Structures are given as structure tokens and as C-alpha cells.
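Read through the structure below, which is laid out as C-alpha cells, and then see the notes.
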Amino acid sequence: MEPQTQEAEVSTELDQLCINTIRFLSVDAVQKANSGHPGLPLDSAPLAYVLWTRYLKYNPRNPDWFDRDRFVLSAGHGSMLLYSMLHLTGYDLSLDQIKQFRQFGSITPGHPERELTPGVETTTGPLGQGFGNAVGMAMAEAYLAARYNRPAMEIANHFTYCLVSDGDLMEGVSSEAASLAGHLKLGKLICIYDCNHVTLSASTNVAFTDDHRRRFESYNWHVQIVEDGNDIDAISASLRIAREETSRPSMIIMRTHLGYGSPNKQDTFEAHGSPLGEDEVKLTKDNLGWPADSSFYIPDEAREFFMRAVERGRKLEDDWNSGFRAYEKQYQKEANELRQLIDGDLPDGWDSKIPVFPADQKGIATRVASGKIMNAISPSLAGFIGGSADLNPSTHTALKDAGNFGNSDVRGDLQGSVGGGWSYAGKNIFFGVREHAMASILNGLSVPHGMIPFGATFLTFSDYMRPSIRLACLMKAHVVYVFTHDSIGLGEDGPTHQPVEHLAALRAIPGLTVIRPCDANETSEAWRVAVTARNPVALILTRQNVPVLDRNEFTSADGLRKGAYILKDAPGSKPQLILVATGSEVSLIVEAGRRLSDQNIAVRLVSMPSWELFDQQPQDYKNSVFPPDVHGRLAVEAGVTQGWQKYVGEKGDIIGIDHFGASAPGPVVMKEFGFTAENVFERAIGLVKRIT
């Protein structure tokens, strides 16, 4: 669509008045908080003014409107720039909240947070993350447009704009994400680089002398340079050209001056992360022709101009709704599917084809079972899209016959069968060996309601993804992580690839549901939880085969939904001993439990695939699984023992691995480090003797 330009209506005086309103609303908030980053709002206010009044498509009264343009402030430390724009253009962000910047209980935190502040698309601040998120948002737009748009009916047609800083472009995640975005030819992605040559502690030239134009051109980006960040005509022209470039993402390198207008702090790192100080604020206001003694001053003429966004946004959404009603009449099936996705609802029977696996002592790897389950649910879930970090054959995450995400001219051989050709409607994303970017992109893909993005790699490489996983949890993004090769049981690749501390590290992240299923049927239940959870979920899956338990002998796998459940109980009386395990080690406690029963020891077997789900249960249920007066508890898990004390108690015991693994066949490694039914039996006998 055409930009919402008002250039003909605005005088040079009003332009400058509005720009300075943005600047000093931001500066006053930082100064009142005595904390924050005034430099970026001072230098990037002209860009924000041009973008939000001439190009950005949004409705302040409905921040979640489906076809809005997305604006990502990757340089999240400059949050007051975003809050100022949201307040001035009519979002539900009051001046009182601006005055409570960075204060407890406010909706104007130090860095932008999704789901907290109306109009904030994603949680940013850790540098580079917003850049990756923006790539994910542009990918979501391309996917939805390819899936639902029809001739003369462009239901999904929006841009993603991202403001990035020097620091964003130094972080490695931006290189990974930019490389993939250029390869994918994401023409609806426009990044603006606030090139002010200053970081928190120094000028950039002490550590960062990249040729930015050539760097992004080598990534297949369209690059423009705006020499003066105060030249609103040049900024506007560059945005217009970027919107017209449809075959490549765009990078606008905008030369700015950090802390613009500050007589003593412009172009110095002192303006980056600290308030200017009351005296310098007055000098800066006087220098830029603003009332020096004013505070949170918004001239009536500027407010009236900015607030035109409300009526403009209402009309934009009304026009879209009208177009969607016409679309519904011609494409009812597609419209119903899209409406369900927008509403975040799951279709009836989405899980009806999830397989039930027959009992099998030889078994199946849970990664293989997961692949079968994913292919069973994919056709019913329009928003189910994702891929792996070049590991589809190993993680079993390829969606067969679902198509591959990318433009149709992609060439190259693929290992394994994914099928369906190449288009932006394809569900299989080839992230390449880019775990950090993958995780950040998943957060961006999750922004449209109803999207369920997934990403896969080996569990040990979750370390590369941790910053993005943490942010996903902070913003409650509906993202699924498929982590395979989950223990020393993977074998010959050795300790570099054998995770031991990773389960504990993931469990330490607030808001992440970690699930390590014990067999194929628990894996089915794990996927049910992952799809319905509406928060980040990590599935921890085996490389090696594990037995499929006979559910006629053992209780139903749907006990997984409660995090831990009694797999098999001691007959007749209260148990003397509780054996508890996760994942592949459940088969060990099953075998050890049989031997203990033969010794007339009353033993209860507990499968505990998810600590987080268990901790959410009522105390009565927790006590029913782990009776407080049963002190004989032995936990078995091929990971560090950290955290298990909470469940086994002071008198309990843990079989774990508090050191790195070794390179050898998987069964050999497991045996050498004590993960055998024999060792579980011996430790259990010793525990019974100690507590009786």
C-alpha cells in the first residue's frame, strides 16, 4: 500500500516542533528517573517522526491488528524513543506512565517488553536480539502472504521496520540473522542503522571498523546511506526507496550524532547510558529552541498532529476489515483458517492423528517418535512452521510434503525427504548452522497470534540459543524447542556433544517448560502440551532407542501432563522405596523395580518428565506421588544432580553425572558411568538399608 504521507500538510516549523517534542519528552523521562539512555532518542527522533507519521501502518486503538506494520527497537536501551511515539500517537500509554519510566509497577520499563506495553512488538535490550526478531517477523509476513493472499486481495501485506545500533551490529546474532535474511530475499524487511559511532564506553572505532555497506551488500541486502540523520527529506526518500525494493531486505545506514543538541555531551559516550543532568538538559533545550524550564511539555500543535494517527489507523483497519469480508465470500476455507489463526484458536481434532505406539521392548528413539508426531499434527496447524540448524536428518524435524520456505529459485540438494518444492508458503525452514539466529527468529515468528514456530538442534547446542530462549520466556512467546541427542547416551561424538549440565541450565530459566519423555507415547503427550501451552516449551529427546512401555502394565502416558506420575505402584501397601527417573533412564528403573520386587521390597516407579509441570500441581497431588513420610527416594537421570534434592529429600539418593562424558559407543558410556539397571538396583538396596 502507499505510505501514509502527510508531507504536503506539514511545515518545516511543525516538523521541527514535533521532532523536538519526541526528543524532550524522552529526555525529561530519563532525567526524572535519573536513569536511562537519552542519547538515542535525541539522535533518532527525526527518523521516528518520519516513519511514524508518513510510512508506518498501525492502529493505536488496536495494537494487535493483524496487518499492521511491525516496528522493532532492537536498540532497546533507547526505549524512551518508543514510549514517546506510543504516547504521542494515541496508544494506551499515559503521560503519567511516561513520568514513571523505569519505576516499579509501571508499563514503561527500562527496556521494551512485549505483553506489558501496548504497541511494543517484542522484548528487546540484549543487543542483536531485536534484529533477529525482525527477521522472524518478516518471515512470518512472507509465509502468511504466500499462504493466504489472492489476486487483488492482499490480506497479509505489511512491512517490518527495525532500528538497530552499533552494538546490535557487533553482536554475532545479527550477522547470522542478516545472512539468512539476505538469502531468503525478505523484501518487506527494512532496517535502519543508527550509526552514531559511539558505544557505552568508547567511540566505535576502538573496536568496530567494518565497512557496513559492503558487509550488507555481501549478504544480498539493498543498502542506502543517509549522510545526515536530521535530514527528514533524505530519510523519507530512503524509506520510500526501501519499500519499493521487493527482492532484497533493505539496510539504511543513517549517520547520526549521539545526544544530538547537547552542548557538552553530544558525540560522547556520556550521553549513551546516563541522564544528561539537570543543567545539561536546560542547555540542550535552549540550544534546540525549547523552553529551558519546561518539563514533559507537549505543544498543542504537535499533539494534535501526532494524534491524527488515531483516525488514520481506524480507517486503515476498517479498510482491511472490509477487504477481509470480501475475501471471506470468495475464499471461505482460507478465511476461516486465517481467522482461527488470528484468534489463536486450535482447530477441532488437531491432535486426532497423533499416533499411539504399541508396546515394544526394542523401542524407538524419542526423536524418531517426535518426527512422526510432528508430521501427524502439521496438516491441521496452519501456524506450525520451523526447522533445524542444519540437522533435519538427525533431529527428525522435517515436515514431509509441507514445502520448503524460500523463494522459488533456491537450488541445492537436500538430505532426507521434505518434499513440496520452494515457496514462502513452505513450512520447512532451513536455518543453516545458525542456532543463535534461529532462536531469535523463532521469537519473531511467534508474534502473529496462532503461529507455533519450532526450532531444533542437539541439546548441547542449546547454549548457543540461551539468550533468545530467556527472552522468549520473558515475553511468554509460543515457541517449541526440539532438543535431541539428550545425554551421554549419544556415544561416540564424545563430551563436546554430550550434554550433562544442560537440563539443569534450561530448568533454571523461569517460564520455560522442559519435558523429557521416557518413551514414544510420552512424546505424544509432550507434543500435546507443547502445542496447547502458549508459552515456551523445550522437548528433550533421545538419539538411542528406548523401550515403548506396555501401558496395560503401566499407567497411561497422559500422566505426563502433570509433570510426574506413578508409573507403577507397590501392590497393596505404602511403598518402602520410590524410584524416579526421566527420559531414557525410566527403562532402567523399570528393570531395577522388577528385581527389587523380587526381593520383596515395596517399590513405586515414578516417571517425572517435567519438573515445571509437576511444580504447578496442587500440593495434595504432589504428596500423592511423593508421600512426605516415604524417605527412600532414588532419582536417576543422565545429567548433573543439581536440583534433584528438592524431590528426593535429605535422605534420598541420586544417580547422575556431575562431570563430562567420554567418547565411546553409547551403551558403553552409559555403563561406565553407572547408568545400568544393575547399578540402580544396588544403589536402591543400599538406600533401603540406610533408612531402615
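Note that the structure is a prediction, hence the values are computed from the model and not measured.
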Can you name the side-chain hydrogen bond (donor to acceptor under 3.5 Å, both in side chains) partners of Arg561, sequence neighbours left out?
Glu525

Donor-acceptor check, side chain of Trp611 to backbone of Gly563, threshold 3.5 angstrom: yes or no?
no

Pair Arg325 + Glu328, salt bridge at N-O below 4.0 Å:
no

Do the rings of Phe458 and Phe461 sit parallel, tilted or perpendicular, given the 30° and 60° boundaries?
parallel

Will you find, in the side chains of Thr124 and Thr122, an N or O donor that is under 3.5 Å from an N or O acceptor?
no

Aromatic Phe159 / basic Arg243 pairing, under 6.0 angstrom, 45° off normal:
yes

With sequence neighbours excluded, tell me which residues meet side-chain hydrogen bond (donor to acceptor under 3.5 Å, both in side chains) with Ser174.
Arg215

Using the benzene-type ring in the case of Trp, are the ring centres of Tyr58 and Trp52 under 6.0 Å apart?
yes

Is a side-chain donor or acceptor of Asp519 paired with a backbone partner of Glu522 at a separation under 3.5 angstrom?
yes

Check for me whether Lys562 meets the cation-pi criterion with Phe614, that is, NZ or CZ under 6.0 Å from the six-membered ring centre and within 45 degrees of the ring axis.
no

Hey, could you give me each pair passing side chain to side chain donor-acceptor pair (under 3.5 Å) that has a residue in residues 111-120? Not counting sequence neighbours.
Arg114-Ser446

Taking side-chain hydrogen bond (donor to acceptor under 3.5 Å, both in side chains) as the definition, give me every residue that meets it alongside Thr160, ordered by chain and number, with sequence neighbours left out.
none

Atom CZ of Arg470 with >12 non-hydrogen neighbours under 6.0 angstrom:
no

Does NZ in Lys622 sit with more than 12 non-hydrogen atoms of other residues, nucleotides or ligands closer than 6.0 Å?
yes

ring-ring contact (aromatic ring centres under 6.0 Å, His included) contacts in which one or both residues fall within residues 379-412, not counting sequence neighbours
Phe384-Phe454, Phe384-Trp527, Phe405-Tyr424

Does a donor on one side chain and an acceptor on the other come within less than 3.5 Å for Asp168 and Ser74?
yes

Any idea how Phe66 and His158 line up, ring-wise: parallel (<30°), tilted (30 to 60°), or perpendicular (>60°)?
perpendicular

Asp92 atom CG, neighbour heavy-atom count above 12 within 6.0 Å:
no

Does CG belonging to Asp348 count more than 12 external heavy atoms closer than 6.0 Å?
no

Residues passing the side-chain hydrogen bond (donor to acceptor under 3.5 Å, both in side chains) test with Asp69, sequence neighbours excluded, are none

State, without any angle test, whether Asn443 and Ser468 hold a side-chain donor-acceptor pair at a distance under 3.5 Å.
no

May I ask you to test the Lys353-Ile377 pair for a side-chain heavy-atom distance under 4.5 Å?
no

With no hydrogens and no angle check, just 3.5 Å: does a side-chain donor-acceptor pair link Tyr83 and Gln97?
no

